[in-house]
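First up is the structure itself, then whatever we jot down about it.
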Amino acid sequence: MNKILMLLDHEFPPDIRVENEIEALSEAGHEIHLACYTMKGRAKREQDGNLTIHRKPIGKFIYKSSVGALKFPFYFNFWRSFLQSLFKEDSFDALHVHDLPLARVGHEFADRFHIPLVLDLHENWPALLQMATHTNSPLGKLLSSTRQWRKYEMKYCRKANRIIVVVEEAKERLESLGIERGKISVVSNTLNIPRFILPEAKPDADYFTLLYAGGINKHRGLQYVIRGLKYLANLPRPVRLWILGSGSYMPSLKKLAQENGVSDRVSFMGWKDFKEMQDFFGEADVCLIPHVKSEHTDTTIPHKIFQYMYAGKPFVASDCDPIMRIAQETRSGLIYDWNNPEAWADCIRQLAENPDLVLQLARNGKRQVAEKHNWKKDAETLISIYA
């Protein structure tokens, strides 16, 4: 079996996808080493079965310089030094790079030591940077060029031995850009069922409760949800919206709720850990994925869609391509035009006035995750890459 070195450019744990991949490869007999930085003073080395975590402390300047990594060498040099020390201590059979930024460093070491490079693209990184707040500031635009990141992506996708993406739409995008189809595999963000605790809590019969869980940024689309609440009068039960998470856009959303006269229906619950979040799933009638439609959201998939489905909750989501495809295939959610608050409200009204529809969507979703959209099947694809 292989000794695999994974590169991850953030703190670990947590990371659901990375944890699932490590578990699958470890159970298949592979030895996993994971290199990541720490800003929290965590142990430099940690052993857990077939997993060894290697951590290197990172200072604020080097951490912040990552946004300009293609123009200034500081961040890549941090990782070069880190990997140099790891390869002095040990040898590895493959390099597995999580997400695009560290592809260059990963390729340098894979090439130097004559081992395969697996590039695991959790999302469409250039498209994410194009819409991110920090890269659209004057300084961000100076440090981070979307055009440069697109060229970088193509360069290292061509150099990688294998590429992993999270949805078929991402595979189609890379193929359309000339990347060889045969070396791209889809390993999706599906649910690892044994790790998921079904919520015991039930919805409050006095309210129709909507739940959003995730980051609170402009591209999450919550502004259209809040505007849509004013169209939801005279329903069998009053509608309330719970927002779980944190982010820079929260003050704007609170102001928007006041301006639209719906502050009394919106509760900002703050960030919750995964266990707490699962409890909230049980208390919700409907879960929301209101992401702004973009190149980024049209080529990625959030973990939470499968969590909602297996928890027995219908979802209402914007018309991002992968989410819309899954909603149509599984008949487990309703889709609306992403920037149309009235269309969103129409979906909520359909569900609030039709308990049988809620029940049918919920049953469909849970069955589809149990039978098809689950991590067991995606783990098999991942393991086959290393077989």
Side-chain angles (χ1 to χ4, degrees), residues 198-214 216 220-245 250 253-254 256-270 272 276-291 302 304-319 323-324 326-327 330-369:
L198 286 169
E200 295 181 3
K202 303 297 179 186
D204 186 333
D206 293 331
Y207 294 93
F208 194 74
T209 304
L210 312 178
L211 175 70
Y212 169 85
I216 303 179
R220 302 289 183 162
L222 284 165
Q223 58 271 36
Y224 302 107
V225 169
I226 288 175
R227 289 186 182 118
L229 286 172
K230 65 188 176 186
Y231 300 109
L232 292 173
N234 304 316
L235 292 176
R237 289 181 283 162
V239 171
R240 62 181 179 182
L241 170 63
W242 289 349
I243 297 176
L244 276 59
M250 191 183 297
L253 292 178
K254 289 180 176 179
L256 187 65
Q258 289 179 336
E259 292 171 350
N260 283 268
V262 295
S263 293
D264 59 329
R265 300 185 231 171
V266 183
S267 297
F268 292 88
M269 305 292 202
K272 305 294 178 185
E276 289 179 291
M277 189 172 66
Q278 288 172 296
D279 291 336
F280 277 96
F281 286 175
E283 297 180 58
D285 290 282
V286 173
C287 294
L288 307 178
I289 310 174
H291 297 173
K304 59 192 171 190
I305 186 172
F306 304 110
Q307 295 166 3
Y308 294 163
M309 289 165 67
Y310 194 66
K313 302 297 171 179
F315 61 86
V316 172
S318 56
D319 56 339
I323 297 173
M324 182 164 59
I326 289 169
T330 63
R331 301 192 302 278
S332 57
L334 302 182
I335 300 295
Y336 64 96
D337 292 340
W338 67 273
N339 58 351
N340 188 332
E342 291 186 62
W344 172 82
D346 285 344
C347 291
I348 301 301
R349 182 176 292 279
Q350 283 185 61
L351 296 172
E353 294 180 341
N354 191 342
D356 289 341
L357 177 59
V358 170
L359 186 60
Q360 186 60 57
L361 295 175
R363 286 174 175 167
N364 290 345
K366 188 165 187 175
R367 185 181 69 253
Q368 286 287 326
V369 171

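Among Lys366, Lys304, Gln368, Arg367, the single residue meeting the side chain to side chain contact (heavy atoms under 4.5 Å, CB included) criterion with Met309 is Gln368.
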Worked check of side-chain contact (heavy atoms from CB on, under 4.5 Å) between Val286 and Phe208 | CA-CA 8 Å; Val286 173; Phe208 194 74; 3.5 Å; yes
Dump the intermediate steps for side-chain contact (heavy atoms from CB on, under 4.5 Å) on Val358 and Asp285, then the final yes or no.
-> CA-CA 8 Å; Val358 170; Asp285 290 282; 5.9 Å; no
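Among all heavy-atom pairs drawn from Ala362 and Pro314, the shortest one is CB-CD, 4.1 Å. Considering every non-hydrogen atom in both Ala213 and Tyr308, the closest pair reads N-OH, 3.6 Å. Minimum interatomic distance between Gly282 and Lys313 (heavy atoms only, all atoms of both residues): O-NZ, 3.2 Å. Nearest approach of Asp337 to Ala343, heavy atoms of both residues: N-CB, 4.5 Å. For Cys347 against Ile335, the heavy-atom pair with the smallest separation is SG-O, 3.8 Å. Of all heavy-atom pairs spanning Ser263 and Lys254, the tightest one is OG-O, 4.4 Å.
One finds the CG atom of Leu222 at 10.0 Å from the CE atom of Met250 (value rounded to the nearest 0.5 Å). Here the straight-line distance linking atom CZ of Arg220 with atom CG of Leu253 works out to 12.0 Å at 0.5 Å rounding. The OG atom of Ser267 sits 11.0 Å away from the CG atom of Leu210 when rounded to the nearest 0.5 Å. Going from atom CD1 of Ile326 over to atom CZ of Arg331 covers 14.5 Å, rounded to the nearest 0.5 Å. Note: Phe268 CZ to Ile216 CD1 = 6.5 Å, rounded to the nearest 0.5 Å.
Residues passing the side-chain contact (heavy atoms from CB on, under 4.5 Å) test with Lys272 are Leu244, Met269, Glu276, Phe280, sequence neighbours excluded. Under the rule for a salt bridge (charged side-chain N to carboxylate O under 4.0 Å, His left out), Arg265 has no partner lying at least two apart in sequence or in another chain. Among residues two or more places apart in sequence or in another chain, the side chain to side chain donor-acceptor pair (under 3.5 Å) test is passed with Ser332 by Thr330. Under the rule for a side-chain contact (heavy atoms from CB on, under 4.5 Å), the partners of Asp279 that lie at least two apart in sequence or sit in another chain are Lys275. Residues passing the side chain to side chain donor-acceptor pair (under 3.5 Å) test with Gln360, sequence neighbours excluded: Asn364.
Side chains of Asp346 and Asn340 form no contact here, defined as non-hydrogen atoms less than 4.5 Å apart. Two residues are said to be in side-chain contact when any heavy atoms from C-beta on lie closer than 4.5 Å; Gln307 and Cys287 fail this criterion. Taking 4.5 Å as the limit, every side-chain heavy atom of Pro290 sits out of range of all side-chain heavy atoms of Trp344. Residues Leu211 and Thr209 have side chains not in contact (no heavy-atom distance under 4.5 Å, counting atoms from C-beta outward).
Side-chain atoms of Asn354 come within 3.5 Å of backbone atoms of Asp356 as a donor-acceptor pair (strictly under, hydrogens ignored).
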Taking distance alone, no hydrogens or angles, what donor-acceptor pairs closer than 3.5 Å link side-chain atoms of residues 223-236 to residues at least two apart or in another chain?
unit_1	atom_1	unit_2	atom_2	d
Gln223	NE2	Lys218	O	3.1
Lys230	NZ	Asn260	OD1	3.0

